[in-house]
Protein chains: 2
Amino acid sequence: MLLQIDVNSEETLYTQLANQIRYGIAKGYLQPDDPLPSVRNLASELGINMHTVSKAYNKLKEEGIIIVNRSKGVRISSSVLADRRTGYETVLEEKIRQLVSQSICNGIGEKRFLGMVKNVFTEMRSET
Amino acid sequence: MLLQIDVNSEETLYTQLANQIRYGIAKGYLQPDDPLPSVRNLASELGINMHTVSKAYNKLKEEGIIIVNRSKGVRISSSVLADRRTGYETVLEEKIRQLVSQSICNGIGEKRFLGMVKNVFTEMRSET
DNA sequence: CTTCTTGTTCTATATATAATATAACAGCTA
DNA sequence: TAGCTGTTATATTATATATAGAACAAGAAG
């Protein structure tokens, strides 16, 4: 899977990287137990620092999305995509609340919002 | 409307403030043309700095959600809640994409996600 | 006209986070 | 042993956040 970052983005580099890997998993580009590049290799490919990649990996590790092993490398968790019933749902609800608030302020109602969500889920299931 | 902040939150103070005002508008606590407290008064009430409130106001001003006038004070935009067709929809789509990616990684599928979104919209319409 | 309040601007400081850079360490493999 | 893995440690630079105090310009109210 192609990973790339935009140094001009407002998002931090490690956040962009973590987002792309989450997107890759949701989209199916990355599957459970798939290996990820080493921190040094990926940093080299992206032209960024090793520690920045490491930070992104550790964020995903804390979320239980990837498994990091000192000498075996990094791989997607085999339990990813499974319902793990963490405290995530509480966090998600607050994020949705913020996004919905912002949308309403911009004149985007429930119907259009739900339509956009459905489109994104469809995008995740589609090929390419 | 009661505004309050949590200094221990991971979110920055001005972001919390902006989120609460957006939520207040979405919920109906704040309506178009309603006045907001002056930067000095609100800062005093919340026990934070004047410039921090000013930063939150300016963020909302850039989004076209509030109107800031040098000597008339601050008020909710009269065109808020209306469909203003800004570039916001593009930003929203990317935010939804990130949230959906993260949800799928945590085993939360389309059905549950849509349910949570509908609940939040219902919450916005409900009293209290 | 004077006084007060408004948001804004400026300068300054302290703190935290982000990103980079080297270097070394510990575990495993070929 | 040589080479790879992630980790740890120290250091530096840059940016964002939050605070503080002062001053300014525009308007409202006495």
Side-chain angles (χ1 to χ4, degrees), chain A residues 3-22 30 33-78 80 91 98, chain B residues 3-22 30 33-78 80 91 98:
Chain A
L3 294 171
Q4 52 184 355
I5 51 161
D6 176 13
V7 290
N8 296 322
S9 169
E10 293 180 6
E11 276 184 329
T12 61
L13 301 184
Y14 82 92
T15 301
Q16 288 182 56
L17 200 48
N19 281 338
Q20 287 199 23
I21 292 173
R22 287 193 209 96
L30 296 170
D33 297 316
D34 274 357
L36 284 174
S38 75
V39 289
R40 288 178 178 81
N41 283 347
L42 185 50
S44 175
E45 281 180 26
L46 299 175
I48 63 177
N49 193 275
M50 174 187 64
H51 297 100
T52 307
V53 176
S54 182
K55 193 168 183 179
Y57 280 180
N58 272 286
K59 184 81 172 63
L60 297 171
K61 176 188 173 185
E62 286 170 14
E63 296 174 16
I65 292 177
I66 66 175
I67 303 294
V68 180
N69 192 295
R70 204 184 194 88
S71 57
K72 292 178 187 171
V74 183
R75 67 176 201 279
I76 310 293
S77 166
S78 49
V80 85
V91 177
Q98 288 177 15
Chain B
L3 293 171
Q4 50 186 355
I5 52 161
D6 176 12
V7 290
N8 296 321
S9 169
E10 293 180 6
E11 275 183 330
T12 61
L13 301 184
Y14 83 92
T15 301
Q16 288 181 56
L17 200 48
N19 281 338
Q20 286 199 23
I21 293 173
R22 286 192 209 96
L30 296 171
D33 297 316
D34 274 357
L36 284 174
S38 74
V39 289
R40 288 176 178 82
N41 283 347
L42 185 50
S44 175
E45 282 181 25
L46 299 175
I48 62 178
N49 193 276
M50 172 186 67
H51 297 100
T52 307
V53 176
S54 182
K55 193 168 184 180
Y57 280 179
N58 273 286
K59 184 82 173 62
L60 296 170
K61 177 187 173 186
E62 286 172 13
E63 296 173 16
I65 292 177
I66 66 176
I67 303 295
V68 180
N69 192 296
R70 204 183 194 90
S71 59
K72 292 178 187 170
V74 184
R75 67 177 203 277
I76 311 292
S77 165
S78 49
V80 85
V91 177
Q98 288 177 13

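Values below: every heavy atom of this structure, side chains too, minus hydrogens, waters and symmetry copies.
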For nucleotides 28-30 of chain C, tabulate all protein N/O to nucleotide N/O atom pairs closer than 3.5 Å, reporting atom names and distance.
residue: C:dC28; atom: O4'; partner: A:Ser71; partner atom: OG; Å: 3.1

*Nucleotide by nucleotide, 5' to 3', does protein get under 4.0 Å of the base (B), only the sugar-phosphate (S), or neither (-) in nucleotides 9-20 of chain C, counting heavy atoms?*
BB-------SSB
_Summary of salt bridge (Lys or Arg N to Asp or Glu O under 4.0 Å) pairs that have at least one residue in residues 4-21 of chain B, sequence neighbours excluded_ = none
*asked:* If the helix axis at each end comes from five base pairs, how far does the helix from C:dG7-D:dC24 to C:dC25-D:dG6 deviate from straight, to 10°?
replied: 30°
_Run the salt bridge (Lys or Arg N to Asp or Glu O under 4.0 Å) test against B:Lys59 and tell me which residues pass, sequence neighbours left out._
B:Glu63
*Name all residues meeting the side-chain contact (heavy atoms from CB on, under 4.5 Å) criterion together with B:Arg40; count only those two or more places apart in sequence or in a different chain, and write none if there are none.*
B:Ser38, B:Met50
*asked:* Whole angstroms only, please: what is the CD1-C1' distance between A:Ile66 and D:dG6?
replied: 11 Å
*By side-chain contact (heavy atoms from CB on, under 4.5 Å), which residues pair with A:Thr12, not counting sequence neighbours?*
A:Tyr14, A:Thr15
*asked:* Rounded to whole Å, how long is the line connecting atom CD1 of B:Ile67 with atom P of C:dT8?
replied: 12 Å
*Write out all pairs satisfying salt bridge (Lys or Arg N to Asp or Glu O under 4.0 Å) with one or both partners inside residues 44-54 of chain A, taking only residues at least two apart or from two chains.*
none
*Taking side chain to side chain donor-acceptor pair (under 3.5 Å) as the test, write out the residues that go with B:Ser78, two or more places apart.*
none
_Set of salt bridge (Lys or Arg N to Asp or Glu O under 4.0 Å) partners for A:Asp33, sequence neighbours left out_ = A:Arg75
*What pairs with B:Ser71 under side chain to side chain donor-acceptor pair (under 3.5 Å), at least two apart in sequence or on another chain?*
none
*Tell me, which of residues 35-45 of chain A have any heavy atom that sits under 4.0 Å from an atom in DNA chain D?*
A:Ser38, A:Val39, A:Arg40, A:Asn41
